[in-house]
A.B. asks: 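Quick one: the structure is below, questions incoming.
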Amino acid sequence: MRISVGVGVKGIKKAYKGKPVLIDATFAANPGKCVGIVGSNGSGKSTLLSILAGVRKADGGDFLCEDVDLLRCPGMIPRVIGYVPQGEPLMEELTAWDNLCMCCDKRAVKKSLSDGALRLLGVDGFLKVPVRHMSGGMKKRLSIGCSVVSNPKILLLDEPSAALDPVCKENIRRYLEAYKREGGIVVMATHDAQDLELCDDCYILKDGILQAYSYDGDFHKLAEALM
Ligand code: ADP
Ligand code: MG
């Protein structure tokens, strides 16, 4: 995972049945940095992340990564991006190991379990457990594991800490810090004060526009800015 230049998201637009949700979503992120996107429910955070992940189509805009507009080369997206949507994208009947093997070849999974992301996330502790028997924290760590096992340069996380206990949040935070140290770029939608501590830049998504916000640790002030 190495990325030599930052990524640029420019003028992303999206409307559902003529109703605009994103009017101009623009931001940039450099290697080793985390961008936090905050907005009230329904403001369009998941829409934006799913567009960047290539899951939904934008009505306009660019997503530039190393001189390539990923929105116009969707075939490149899986090689560059890991995406963890709000719900769990896991196969309920399969074990952690089998879910991982659906995302990546077995050799890479084994390597990551011994000294990589999967070890840091603690996925090695519940490899044989079927997803339907997992706690919310195990599912979230496995979902992140599935999306990073192939070493993407950019990681898109949609509310990664929602409903997780403090130990699990800490485990994920430590992993994300390591991911940033290696030069990865994180873009996360979040409402969580602890998540925001990880963010180098913060944006508020309001009325379809991303506005830079200087988060100083005052969560009440942030909530007022969202209103
Ligand atoms: P957030 O993640 O910030 O809560 P979403 O991106 O999920 O916001 O949704 C933004 C708005 O777009 C909401 O009003 C939601 O109802 C609407 N929306 C989301 N997905 C669809 C869809 N597939 N069809 C129509 N409207 C949608
Ligand atoms: Mg959402």
Side-chain angles (χ1 to χ4, degrees), residues 7-29 34-63 70-71 74 77-78 81-90 92 131 136-137 139-148 152 154-165 168-169 172-173 176 185-215 219-227:
V7 295
V9 171
K10 285 188 193 156
I12 302 281
K13 294 175 187 30
K14 177 75 182 173
Y16 292 115
K17 293 182 187 144
K19 188 173 166 269
V21 172
L22 301 174
I23 294 167
D24 176 4
T26 298
F27 68 90
C34 175
V35 170
I37 295 172
V38 192
S40 44
N41 291 334
S43 58
K45 302 178 298 297
S46 297
T47 298
L48 176 59
L49 290 188
S50 62
I51 286 171
L52 300 182
V55 171
R56 232 177 282 213
K57 249 181 119 47
D59 299 334
D62 313 311
F63 180 16
L70 293 176
L71 300 188
I77 289 181
I81 284 178
Y83 172 49
V84 185
Q86 241 172 318
E88 310 301 345
L90 300 168
E92 285 281 317
V131 172
K139 286 184 191 177
K140 187 55 78 179
R141 285 182 287 153
L142 177 59
S143 301
I144 296 175
C146 285
S147 66
V148 296
I154 305 162
L155 181 54
L156 307 174
L157 299 170
D158 199 347
E159 301 201 26
S161 295
L164 295 183
D165 71 43
C168 184
K169 277 189 189 178
I172 292 173
R173 189 183 65 81
L176 293 177
I185 293 174
V186 182
V187 180
M188 68 159 91
T190 185
H191 290 130
D192 186 279
Q194 241 173 302
D195 283 349
L196 283 169
E197 285 172 19
L198 250 166
C199 297
D200 301 280
D201 294 305
C202 178
Y203 292 85
I204 288 180
L205 181 53
K206 197 172 166 181
D207 302 327
I209 293 172
L210 273 182
Q211 306 162 359
Y213 180 81
S214 172
Y215 179 63
F219 207 68
H220 297 291
K221 202 164 87 187
L222 172 61
E224 276 171 18
L226 295 180
M227 288 175 198

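Just so you know, ligand 1 is whichever comes first in the structure, and atom 1 is the first atom listed for that ligand.
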A.B. asks: Near the Mg ion (ligand 2), which protein N/O/S atoms are found at less than 2.8 Å?
C.D. replies: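 As for protein N, O or S atoms lying under 2.8 Å from the Mg ion (ligand 2), they are S46 OG, Q86 OE1.
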A.B. asks: For K14, is there any backbone N or O sitting under 3.5 Å from a side-chain donor or acceptor partner on K57?
C.D. replies: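 Flag not set: sc K57 to bb K14 has no pair under 3.5 Å.
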A.B. asks: Is it the case that the side chain of D192 and the backbone of E159 share a donor-acceptor pair, with hydrogens and angles ignored and the cut-off at 3.5 Å?
C.D. replies: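 No; zero donor-acceptor contacts below 3.5 Å.
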A.B. asks: Okay, side chain of K45, backbone of G39: is any donor-acceptor separation there less than 3.5 Å?
C.D. replies: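 Yes; at least one donor-acceptor contact below 3.5 Å.
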A.B. asks: Thinking salt bridges, do D24 and K10 make one under a 4.0 Å N-O criterion?
C.D. replies: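 No.
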A.B. asks: Tell me which residues fall inside the under-4.0 Å heavy-atom shell around ligand 1.
C.D. replies: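 Answer by chain and number: Y16, V21, S40, N41, G42, S43, G44, K45, S46, T47, R56.
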A.B. asks: Classify the ring geometry between Y215 and Y213 as parallel (under 30°), tilted (30 to 60°) or perpendicular (over 60°).
C.D. replies: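 The arrangement is tilted - the two ring planes meet at 30° to 60°.
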A.B. asks: To check you understand the geometry: which heavy-atom pair defines the closest contact between P152 and G82, and what is its length?
C.D. replies: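 Heavy-atom minimum between the residues: CB-N, 3.4 Å.
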A.B. asks: Treating T26 as the side-chain partner and G11 as the backbone partner, does any N or O pair qualify as donor plus acceptor under 3.5 Å?
C.D. replies: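 It does hold such a pair.
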A.B. asks: Looking at every non-hydrogen atom in both residues, tell me the closest pair between S40 and S43 and how far apart they are.
C.D. replies: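 Looks like O-OG, 2.7 Å.
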A.B. asks: Taking all atoms of both residues into account, what is the closest heavy-atom pair of C168 and L164, and its distance?
C.D. replies: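 Closest heavy-atom pair between C168 and L164: SG-CD1, 3.9 Å.
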